[in-house]
Protein chains: 2
Amino acid sequence: MSSCDTCVVRNRAICAGLDNREIEALNHIGRRRMVTAGEPLIWEDDDSLLVANVIEGVLKLTTSTEDGREQIVGVAYPSDFIGRPFGQTSSASVVALTDARVCVFSRNDFDRFAREHPELEHKLLERTLAELDRTRSWMMLLGRKNASEKIATFLLEMSDRLAETGCTPAFGPAKRFSLPFSRQQVADVLGLTIETVSRQFTKLKNEGVIELPSRREVEILNRGALVALAG
Amino acid sequence: MSSCDTCVVRNRAICAGLDNREIEALNHIGRRRMVTAGEPLIWEDDDSLLVANVIEGVLKLTTSTEDGREQIVGVAYPSDFIGRPFGQTSSASVVALTDARVCVFSRNDFDRFAREHPELEHKLLERTLAELDRTRSWMMLLGRKNASEKIATFLLEMSDRLAETGCTPAFGPAKRFSLPFSRQQVADVLGLTIETVSRQFTKLKNEGVIELPSRREVEILNRGALVALAG
DNA sequence: GGGCCGCGTTGACGGAAGTCAAAAAATCGA
DNA sequence: TCGATTTTTTGACTTCCGTCAACGCGGCCC
């Protein structure tokens, strides 16, 4: 029995649609791995040596300038695929935000397997196209929205994305959730500074739009107001 | 004889790698079309009805807010693929920047054909992964670079991208080129205002880094300075 | 419990880029 | 060729957000 049989993302990740023989073969070239919060899995500009499926936890994809400025260019949740197949180097670092469990493959092994299994490549294509859509809508946010619009959009996105993972499976967006980001990381997602993020959070709290029970917890009190602010 | 036989992007677009029979079949479901400068080809949020290969010309991909702010989220050059296969709606509008020639397919026809031709899907996957890389590095620019870094990065990217299309085929980056963008469109690419773009251009001209022979023409006098400014 | 450390908040201030307005330059049609 | 229109540039002013600095709070270890 392969570990895929008990995998919680078996039917959502790109492995979905593979038959038992294929899963067995894929299982053979992959292995499970824990990544603890803060630990890097892939380095920017490094040879792209591995790719992975996220089983559990949240990871950030980042690019940095030489002088240390950082931009989070993507966030990977359970069932998401990370890494850069069919390429020499990966354009972003991948670092765990929470303790995470991933299913890793050497890039070469994965590339070979994928080329032999069109159904898998198709799933990967659909996923990549969807990620490109999401990334492009984030460009709108980075280029054209002001701080309060950015924060409102971010909170709504979080409430959608984190709803799926919680114990309540997809009963609409989460009203209350625990951010996988520090304030600095929120700033790195939105292209702001930590101070601006903090001020905007405080402002929303004072206006009664959200509640902040603890550093990482957010409760949305007035979703309509957030939607209006998000623009 | 199919029109693909004389297609200038035949060996660079996703059609590369298909054999004669397959090209014939693909040619059967597609048709060539002109798009004049300023004319839209695909509307944001509309049902994704068509996809296309760019044969000649340059097109912009944009997203807009309700109140009219616009962000250019991608630029399509000859041999690039545009549109959203395997999805209901496209997340960006596509509008021609210059007169352009494209090879269009109905999305349904294309989806069906692609699923039957793994080699084509693979090409599309490679292209989409590369586009995602490029988009992510653009997020860095939008989120973390200041106006002069943005302009410098933009000019270098233009000089690379436009080198390939000119009569001089890929002798390194172009030293002098004609922008396919108005000042407003440059602003929409970089997340700036037209006034800021204009001031930065003037500044670079005064510093002797570039020359501006006409509105659309740019000549790079000091590439090293641009690289340094781009950060 | 107390002190330390990292993270987050708040305040004061300045500057980069946005806004508004007008002049200048290029484009276009008659 | 000339005037009309659009695009770009330039200037004056404003504002949003970044920077710098101090403070507060919670967690953690001894």
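Letters A, B, ... mirror the listed sequences (proteins, then strands); counts begin at 1. Worth knowing before you read on, the calculation uses all heavy atoms, side chains too, and leaves out hydrogens, waters and symmetry mates. Computed from a prediction, not measured in an experiment: that's the story for all the values here.
- With B:Phe201 as the aromatic partner, B:Arg183 meets the cation-pi criteria of under 6.0 angstrom to the ring centre and within 45 degrees of the ring axis.
- Looking at B:Asp80 and B:Arg127, a side-chain N of the basic residue comes within less than 4.0 Å of a carboxylate O on the acidic one, giving a salt bridge.
- Shown here are the side-chain contact (heavy atoms from CB on, under 4.5 Å) partners of A:Thr36, two or more places apart in sequence or in another chain: A:Glu39, A:Asp99.
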* Go through A:Ser148 and A:Lys203 one step at a time and tell me if the side chain to side chain donor-acceptor pair (under 3.5 Å) criterion holds. => CA-CA 9 Å; A:Ser148 71; A:Lys203 184 160 151 280; 4.8 Å; no
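- With rounding to the nearest 0.5 angstrom, the CZ atom of A:Arg144 is 12.0 Å from the CD atom of A:Glu149.
- Atom CD in B:Gln185 sits about 14 Å away from atom C1' in D:dT6, given to the nearest Å.
- Bending across the helix from C:dG1-D:dC30 to C:dA30-D:dT1, expressed as the angle between its end axes from five pairs apiece, amounts to 40° (10° rounding).
- With sequence neighbours excluded, no residue satisfies ring pair (Phe, Tyr, Trp, His ring centres under 6.0 Å) with A:Phe177.
- Residue B:Glu56 forms a salt bridge (Lys or Arg N to Asp or Glu O under 4.0 Å) with just one option from B:Arg32, B:Arg33, B:Arg101, and that option is B:Arg101.
- Atom C1' of nucleotide D:dC17 and atom CG of A:Leu142 are separated by 15 Å, given to the nearest angstrom.
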* **Heavy-atom protein contacts under 4.0 Å, nucleotides 5-18 of chain C, coded B base, S sugar-phosphate only, - none** => -BBSBBBB----SS
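- For residues 132-158 of chain A, the pairs satisfying ring pair (Phe, Tyr, Trp, His ring centres under 6.0 Å) are A:Phe154-A:Phe181, with sequence neighbours left out.
- Atoms CD1 and CG, on A:Ile42 and A:Asp45 in that order, are 12.5 Å from each other to the nearest 0.5 Å.
- B:Val58 and B:Thr98 make their closest contact through N-OG1, 3.0 Å (heavy atoms, listed as atom of the first residue, atom of the second, distance).
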Quick one: which protein N/O atoms are closer than 3.5 Å to N/O atoms of nucleotides 1-3 of chain D? Pair and distance per line, please.
none

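- Atom CG of A:Asp67 is separated from atom C1' of D:dT19 by 15 Å (rounded to the nearest Å).
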